[in-house]
Structure formats: C-alpha cells, structure tokens
A.B. asks: 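Got a structure for you, questions after.
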Amino acid sequence: MKPAGKNTLGTQKRNISSRCAAMALLLTLLCPLAPAFAASDDPLPIQEIKRLVEEAPHLSSYPGKEAVVLSRRLDYRLIADGSMEKKAAWVIVYKGALPKGWEGWTVPAPEGGSAEILKAELFSLPVLERVRSLEVTKNGQGGGQGASTRIPVTREESLLLLETVQRFPKRLDVDDQVQVQLDFPQWELRVEVETPAGTNLHWSGNGAGQPEKSKGLGVERHIWTAKNLPSWEDLPILAGGRPVLGFSLKNGMVSTLESARELEKSLSPVPPVLAAHLSVKDPVKSGFKFLGALSDEKSRKSDLPDNWVRQVRDDGFREGPWTDWEATLLALNGLKAAGWTATPWWTASITVSEGMPAGTSQLAFPVVELTPPGGKPFLFARSESTQVGKTPSALIGATLYRLEDGKVISFKVPAGSSAGNRLSTRWDLKISETGMAEGKLSITLGGGWDYLLTREGGSLTRKGESVARRMLASTPFLSGLGT
C-alpha cells in the first residue's frame, strides 16, 4: 500500500490500530484452516494403487502412447500463515523413456516459498512390488527452495508414484489453473479446493464437470472429478482450446490484467547478458538480434513451467535461460528501452466474463506488439515454435487483451483464409500378395499448420516422422511406419 502523505502522530496511531484490527480479523479467518501438509499423510495408500491398476485399461490399449496417468490428485488450501498450499499425487504407468518434458520432474517454489517431493517411487508390474526410491535433489531454480528428480528408463512396464507439495507465501487466495487433459490419457482426475467458510470461490472451465460442494469446520470444499480422459492433441489453429479448470477467490478481467501489469513492470532492467545485444546506434538490427537470442533454443528454460516468472535479482534469471513468459516480457522491456514501440497484450485460456476467476493463472501467455523504428508492427510471443517477425500459429484468430485507463481493451488477430492455413494428406496404398497394405503417406502443411513441424526437434526428416507418428497414433498403420 502506498503512503498517503504526511500524518500526525495521532493519525499514525489510528492507522496502526486499524492495521492491527485488520490483521486480527485476518488471523481469525485463517485459524480454522488446515495446518501445513504433514509428510506422514498418505493420500495414495498401496490398496488404492492396486485398485487403479486393476480397473484402468492396460498401457497397450493406447497405441502410440508411452504412458498412461492412472491417477492425478490435486489439493489446494490456505494454511494458517496465509500461504496457499498445493499438494499433488501422480500414479503413472509407462515403459521405456518418457518423452521430453516428462523425463525430468521439477517442483519449483517462488521466492520465500518452498516445494518438496515427498515420494518418488518406482514399482514393478503386474505384481506391484517397489523397485526403488528415486533420488531427489534440492534446487532454487524457481526463486525459492524447490526439488527435482529424474524418471529412469525402464525395460519393463513400470508404475511411478510421485507426491509433491508446494507453498506459495502471502497469497491470501486460492487460485490456479489446471489442465484437464494432458499429453497422455488419464484414468482418474480429482481436484479439491478448500476455502474459508463464507468466501466465494469463482471458477470456470470445461472437461471436469460441475463440482461437488461440502462444508467442514470453518471451511468449504469444491471437488471436481473426471474419468477416462483422452490425451490432448495440440492443434492450436483449430477452434476451441485445451480443456482447463480455473479458480480464485477474486474475479474479473480488470483484476487479472492489473496483476499482469505488475509482472510486466517487474522484469526490468534486462539482464546484462541480453542487454549486450542491444545498441542505441542501430536499434533495428540490434533489436532483431536481441529477439533472435531470446528465441534461440539455448535461451529456453524447459525445467520450469512456461508461465513461471522469477525476480530480476535471482541468479538464475540474470544468467538465463528463461521461461516463455519471462522471455516475452523481457522483449517488451528491452526493446522499449532501445527505442522500439512495444505494447503488451495477453491471451486468456478461460472464457472472459465479469465473474471469471481472476489472477495471472487464468492467462494463457503474454504477447508483445512490436514496431521497430521506421518499420511495420508484428506480434511476438516466445515459444518453442517462435519465428521472429511472423505471427505465431497459436495467435491466429485469437483475441488479445490489455488494460488501458482502467478499461479492458481487446483485439482479434486475423485468422486468414482457409487456403492460407491448410493441412492435406495423400495416401498411395496397395495391397501386397501377403495381404499387407503398403505405400506412402504425403502430408502438406501450410500457414499456421507449420506449428506441427516447428515444435518438433531434430532434422527436417525427423520432424516429419514425428508429425506422421502423431497423426497415425490412433490407426493400425503406426506399427508399420518406416518399415
């Protein structure tokens, strides 16, 4: 809170008394809440894991998938000091190596917060015998004290049990956004949000249905459950979006964008390692060089969530690499200082309305409208498929938002023509003497569909093969690809 100017001694005493009264009221509100999560709690006993193994379809029932999530349980609540606590329990069946983004499990904590991996255990199947506990290491990559572990490659089908807890300090809110569908199929999903009695939880989402509501001693609970969820196929230029569930004790897009504005301002000045690319003598050339450095794969921090934003004083932030949100906001501040016109925008991942849950958790990602001196404007949003100067595929047809004089301003990115965004396939097949279908599949990608190629790693041939495997995942042709 900003000071209101000079105060007399009597006014100062009254203000102190008011603050004390407010603090006392706050403590009264928080006292009935649950204590911090105890390491002895066991949200997934072995009997429950056995039930999941017996009920869920076998991994072989999901062609082309390396794993299936048997259970994902997320529990949110306020604890007595006003921090938000998030507990998570995962049961995953897999064989071989988990794909990029899943092989390393990092649980970050913000500055002043904490995170722990309470359990990281590997079991054999089908007998469900514990093979070993995975090594857990401490780290401060998110700004606070976090933890991480590596998921081993297995020769046989195995079961992974992970239980984690994160604490976000001084939150005084229970807010987050949960991706309902994952890269892998899920058998069971359960999300529980516990709030102080008498508070109003705002929520929005799809894919998880309506919550079951209950009351306890001084608390209210919202519980969402879903079963047999398919994997999410990420085709961003199609209508719709990834099913998510967002919730918060606050509401409204104005409140959300006010929080976003604080993030925009927080990432200044630009770290010296990036500022070295900028030059006031040649702002255009150096500015594009700066964007190229931010877009380089070496500058992308993949072991933190894309929307994680650290403090500028954090050692890891100063040295890099950076998350997608950090990189986009660094582009905003760095190029504005170099003489470019830079305007921040945001995309929302839930339906925008007056009663929507508030907070930056409900935003998909930041976007910067950039105009070099004497040049034309273009949109920039750092991601794994960024091409500087070209509208990102994920933005085609999207609506962008920003705050201006306390009002929400929106802008819809042109979707282009269907001819300019085309995906076509051509099959040339014949039946051999042995009854096998043999031939060639040709895939043509144009416009926004090039996202399917740019998001993959490796050579062009490897990228094309990866796209083909994704498209054939639900067909009998996958097993014969490349033979």
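All values below were derived from every heavy atom in this structure, side-chain atoms included, with hydrogens, water molecules and symmetry-related copies excluded.
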A.B. asks: Do Ser231 and Asp183 pass the side chain to side chain contact (heavy atoms under 4.5 Å, CB included) test, and can you show the C-alpha distance, the side-chain angles, and the key distance before you say yes or no?
C.D. replies: CA-CA 5 Å; Ser231 58; Asp183 300 336; 5.9 Å; no

A.B. asks: If you compare all heavy atoms of Asp176 against all heavy atoms of Gln362, which two are closest, and at what distance to 0.1 Å?
C.D. replies: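 Result for this residue pair: O-NE2, 3.2 Å.
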
A.B. asks: Strictly distance-based, threshold 3.5 Å: is any side-chain N or O of Gln181 a donor or acceptor partner for the main-chain N or O of Leu229?
C.D. replies: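 No; zero donor-acceptor contacts below 3.5 Å.
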
A.B. asks: Using modelled atom types only, decide if a donor and an acceptor are shared between the side chain of Glu103 and the backbone of Gly101 within a distance under 3.5 Å.
C.D. replies: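 Yes; at least one donor-acceptor contact below 3.5 Å.
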
A.B. asks: Please report the C-alpha distance between Tyr401 and Phe411 in whole Å, then the side-chain angles of each, then the deciding distance to 0.1 Å, and finally whether the side chain to side chain contact (heavy atoms under 4.5 Å, CB included) criterion is met.
C.D. replies: CA-CA 7 Å; Tyr401 301 89; Phe411 163 69; over 6 Å; no

A.B. asks: Are Asp303 and Lys301 close enough for a salt bridge, meaning some N to O gap below 4.0 Å?
C.D. replies: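 Salt bridge present between Asp303 and Lys301.
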
A.B. asks: As an exercise, state the distance from OG1 of Thr371 to CZ of Phe378, rounded to the nearest 0.5 Å.
C.D. replies: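 The CZ atom of Phe378 is 8.0 Å from OG1 of Thr371, to the nearest 0.5 Å.
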
A.B. asks: Looking at Arg313 and Glu111, does any basic side-chain N land under 4.0 Å from a carboxylate oxygen?
C.D. replies: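 Yes.
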
A.B. asks: Sub-3.5 Å donor-acceptor pair from the side chain of Thr199 to the main-chain atoms of Pro196, do we have one?
C.D. replies: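 Yes, Thr199 side chain to Pro196 backbone: donor-acceptor pair under 3.5 Å.
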
A.B. asks: Ignoring hydrogens and angles, tell me if any N or O in the side chain of Asp405 forms a donor-acceptor pair with the backbone of Lys407 under 3.5 Å.
C.D. replies: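 No; zero donor-acceptor contacts below 3.5 Å.
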
A.B. asks: Show the nearest heavy-atom pair for residues Gln166 and Ala115, with the distance to one decimal.
C.D. replies: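 So the two residues come closest at CG-CB, 3.9 Å.
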
A.B. asks: Go through it in stages, so that I can follow the logic: the residues are Leu379 and Leu400, the test is side chain to side chain contact (heavy atoms under 4.5 Å, CB included), and I'd like the CA-CA distance, side-chain angles, deciding distance and then a yes or no.
C.D. replies: CA-CA 11 Å; Leu379 298 175; Leu400 310 182; 4.2 Å; yes

A.B. asks: Under a 4.5 Å cut-off applied to non-hydrogen side-chain atoms, are Thr351 and Met356 in contact?
C.D. replies: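 Of all side-chain heavy-atom pairs linking Met356 with Thr351, none is under 4.5 Å.
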
A.B. asks: Measuring from atom OG of Ser302 to atom CD of Glu297, what distance do you get when rounded to the nearest 0.5 angstrom?
C.D. replies: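 Between atom OG of Ser302 and atom CD of Glu297 there are 7.0 Å.
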
A.B. asks: Between Glu326 and Arg310, is there a side-chain N and carboxylate O pair less than 4.0 Å apart?
C.D. replies: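 Judged by the 4.0 Å cut-off on N to carboxylate O distance, Glu326 and Arg310 do form a salt bridge.
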
A.B. asks: Before giving the answer on salt bridge (Lys or Arg N to Asp or Glu O under 4.0 Å), spell out for Arg190 and Glu212 the whole-Å C-alpha distance, their side-chain angles and the decisive distance to 0.1 Å.
C.D. replies: CA-CA 11 Å; Arg190 184 181 188 277; Glu212 175 187 337; over 6 Å; no

A.B. asks: Between Tyr94 and Trp102, does the ring centroid distance fall short of 6.0 Å?
C.D. replies: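 Not under 6.0 Å, so no.
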
A.B. asks: Quick one, Arg261 and Leu403 - any side-chain contact, counting heavy atoms below 4.5 Å?
C.D. replies: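 They are in side-chain contact.
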
A.B. asks: Taking the side chain as every heavy atom from C-beta outward, state whether Leu70 and Trp90 have any atom pair closer than 4.5 Å.
C.D. replies: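 Counting from C-beta outward, Leu70 and Trp90 never come under 4.5 Å.
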
A.B. asks: State whether a side-chain donor-acceptor pair under 3.5 Å links Ser148 with Asn139.
C.D. replies: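 A donor-acceptor contact under 3.5 Å links the two side chains.
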
A.B. asks: Are the side chain of Glu163 and the backbone of Ile117 linked by a donor-acceptor contact shorter than 3.5 Å?
C.D. replies: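 Answer holds: no.
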
A.B. asks: For the NZ atom on Lys50, are there more than 12 heavy atoms of other groups (residues, nucleotides or ligands in this structure) within a distance under 6.0 Å?
C.D. replies: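 At most 12 heavy atoms, drawn from other residues, nucleotides or ligands, come within 6.0 Å of this atom.
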
A.B. asks: Shortest non-hydrogen contact from Ser268 to Asn333?
C.D. replies: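 The answer is CB-CG, 4.2 Å.
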
A.B. asks: Kindly give the heavy-atom pair with the smallest separation between Val165 and Val107, and that separation in Å.
C.D. replies: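 The pair with the smallest heavy-atom distance is O-CG1, 4.5 Å.
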
A.B. asks: Should Asp296 and Arg300 count as an ion pair when the cut-off is N to O under 4.0 Å?
C.D. replies: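 No, no charged N to carboxylate O under 4.0 Å.
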
A.B. asks: Would you check if there is a donor-acceptor pair between the side chains of Lys95 and Thr154 at a distance under 3.5 Å?
C.D. replies: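 No, no side-chain donor-acceptor contact under 3.5 Å.
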
A.B. asks: Between OG1 of Thr149 and CG of Leu134, what distance do you get to the nearest 0.5 Å?
C.D. replies: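 Those atoms lie 4.5 Å apart.
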
A.B. asks: Would you say Glu192 and Tyr76 make side-chain contact, with heavy atoms under 4.5 Å?
C.D. replies: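 Of all side-chain heavy-atom pairs linking Tyr76 with Glu192, none is under 4.5 Å.
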
A.B. asks: Looking only at heavy atoms, what is the nearest atom pair of Leu363 and Met253, with distance?
C.D. replies: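 Distance-wise, the nearest heavy atoms are CD2-CE, 4.0 Å.
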
A.B. asks: Let me see the working for Leu249 and His202 under side chain to side chain contact (heavy atoms under 4.5 Å, CB included), right down to the final yes or no.
C.D. replies: CA-CA 6 Å; Leu249 294 177; His202 303 274; 5.7 Å; no

A.B. asks: Are there over 12 heavy-atom neighbours, none belonging to Lys100, within less than 6.0 Å of that residue's NZ?
C.D. replies: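 At most 12 heavy atoms, drawn from other residues, nucleotides or ligands, come within 6.0 Å of this atom.
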
A.B. asks: Parallel, tilted or perpendicular for His222 and Trp224, by the 30°/60° rule?
C.D. replies: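 Because their plane-to-plane angle is under 30°, the rings of His222 and Trp224 count as parallel.
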
A.B. asks: Treating Thr328 as the side-chain partner and Asp324 as the backbone partner, does any N or O pair qualify as donor plus acceptor under 3.5 Å?
C.D. replies: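 Side chain of Thr328 to backbone of Asp324, a donor-acceptor pair under 3.5 Å: yes, one is there.
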
A.B. asks: With no hydrogens and no angle check, do the side chains of Gln177 and Ser349 hold a donor and an acceptor under 3.5 Å apart?
C.D. replies: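 The criterion, which ignores hydrogens and geometry beyond distance, is satisfied for Ser349 and Gln177.
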
A.B. asks: Check this for me, if you would: do Glu264 and Lys336 make a salt bridge, where the nitrogen-to-carboxylate-oxygen distance has to be below 4.0 angstrom?
C.D. replies: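 Result for this pair is no, no salt bridge flagged.
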
A.B. asks: Should Phe317 and Leu330 count as side-chain neighbours, where that means a heavy-atom distance under 4.5 Å?
C.D. replies: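 Yes, close enough: below the 4.5 Å cut-off.
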
A.B. asks: Should the pair Trp308 and Phe168 be assigned to parallel (<30°), tilted (30 to 60°) or perpendicular (>60°) ring geometry?
C.D. replies: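 It falls in the tilted class, 30° to 60°.
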
A.B. asks: Between Phe184 and Tyr62, does the ring centre distance come in under 6.0 Å?
C.D. replies: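 Not close enough - the centres of the two rings lie 6.0 Å or further apart.
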
A.B. asks: Drop me the distance from Thr195's OG1 to Arg77's CZ, to the nearest 0.5 angstrom.
C.D. replies: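 It comes to 11.0 Å.
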
A.B. asks: So, do Ile396 and Val413 sit near enough that their side-chain heavy atoms are less than 4.5 Å apart?
C.D. replies: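 Ile396 does not reach Val413 side chain to side chain.
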
A.B. asks: If we only count heavy atoms from C-beta on, is the Arg167 to Lys86 side-chain gap below 4.5 Å?
C.D. replies: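 Contact flag for Arg167/Lys86 side chains = no.
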
A.B. asks: Drop me the distance from Phe247's CZ to Leu201's CG, to the nearest 0.5 angstrom.
C.D. replies: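 If I round to the nearest 0.5 Å, the distance is 7.5 Å.
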
A.B. asks: Hey, could you give me the CG/CG distance between Leu161 and Leu122, rounded to the nearest 0.5 Å?
C.D. replies: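 Reported value, rounded in 0.5 Å steps: 10.0 Å.
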
A.B. asks: Let me see the working for Ser83 and Lys170 under side chain to side chain donor-acceptor pair (under 3.5 Å), right down to the final yes or no.
C.D. replies: CA-CA 5 Å; Ser83 301; Lys170 302 177 182 178; over 6 Å; no

A.B. asks: So does Glu48 pair up with Arg51, basic N to acidic O under 4.0 Å?
C.D. replies: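 Salt bridge present between Glu48 and Arg51.
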
A.B. asks: Check whether any side-chain heavy atom of Val53 lies under 4.5 Å from a side-chain heavy atom of Leu159, and answer yes or no.
C.D. replies: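 They are in contact (side-chain heavy atoms under 4.5 Å apart), so the answer is yes.
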
A.B. asks: Report the C-alpha distance between Lys87 and Glu116 in whole Å, list the side-chain angles of each, state the deciding distance to 0.1 Å, and finish with yes or no for salt bridge (Lys or Arg N to Asp or Glu O under 4.0 Å).
C.D. replies: CA-CA 10 Å; Lys87 295 184 291 182; Glu116 300 173 66; over 6 Å; no

A.B. asks: So, for Leu329 and Trp346, which heavy atoms are closest and what is the spacing to 0.1 Å?
C.D. replies: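 So the minimum-distance heavy-atom pair works out to CD2-CZ2, 4.2 Å.
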
A.B. asks: Classify the side-chain pair Gln186/Arg72 by whether it contains a donor and acceptor separated by less than 3.5 Å.
C.D. replies: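 Present: a donor and an acceptor within the cut-off.
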
A.B. asks: Are any side-chain N or O atoms of Thr106 and backbone N or O atoms of Pro108, one a donor and one an acceptor, separated by less than 3.5 Å?
C.D. replies: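 No; judged by distance alone, with no hydrogens or angles, the pair does not exist.
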
A.B. asks: Would Ser248 and Asp173 count as a side chain to side chain donor-acceptor pair (under 3.5 Å) here? Give the steps.
C.D. replies: CA-CA 7 Å; Ser248 173; Asp173 193 5; 2.9 Å; yes

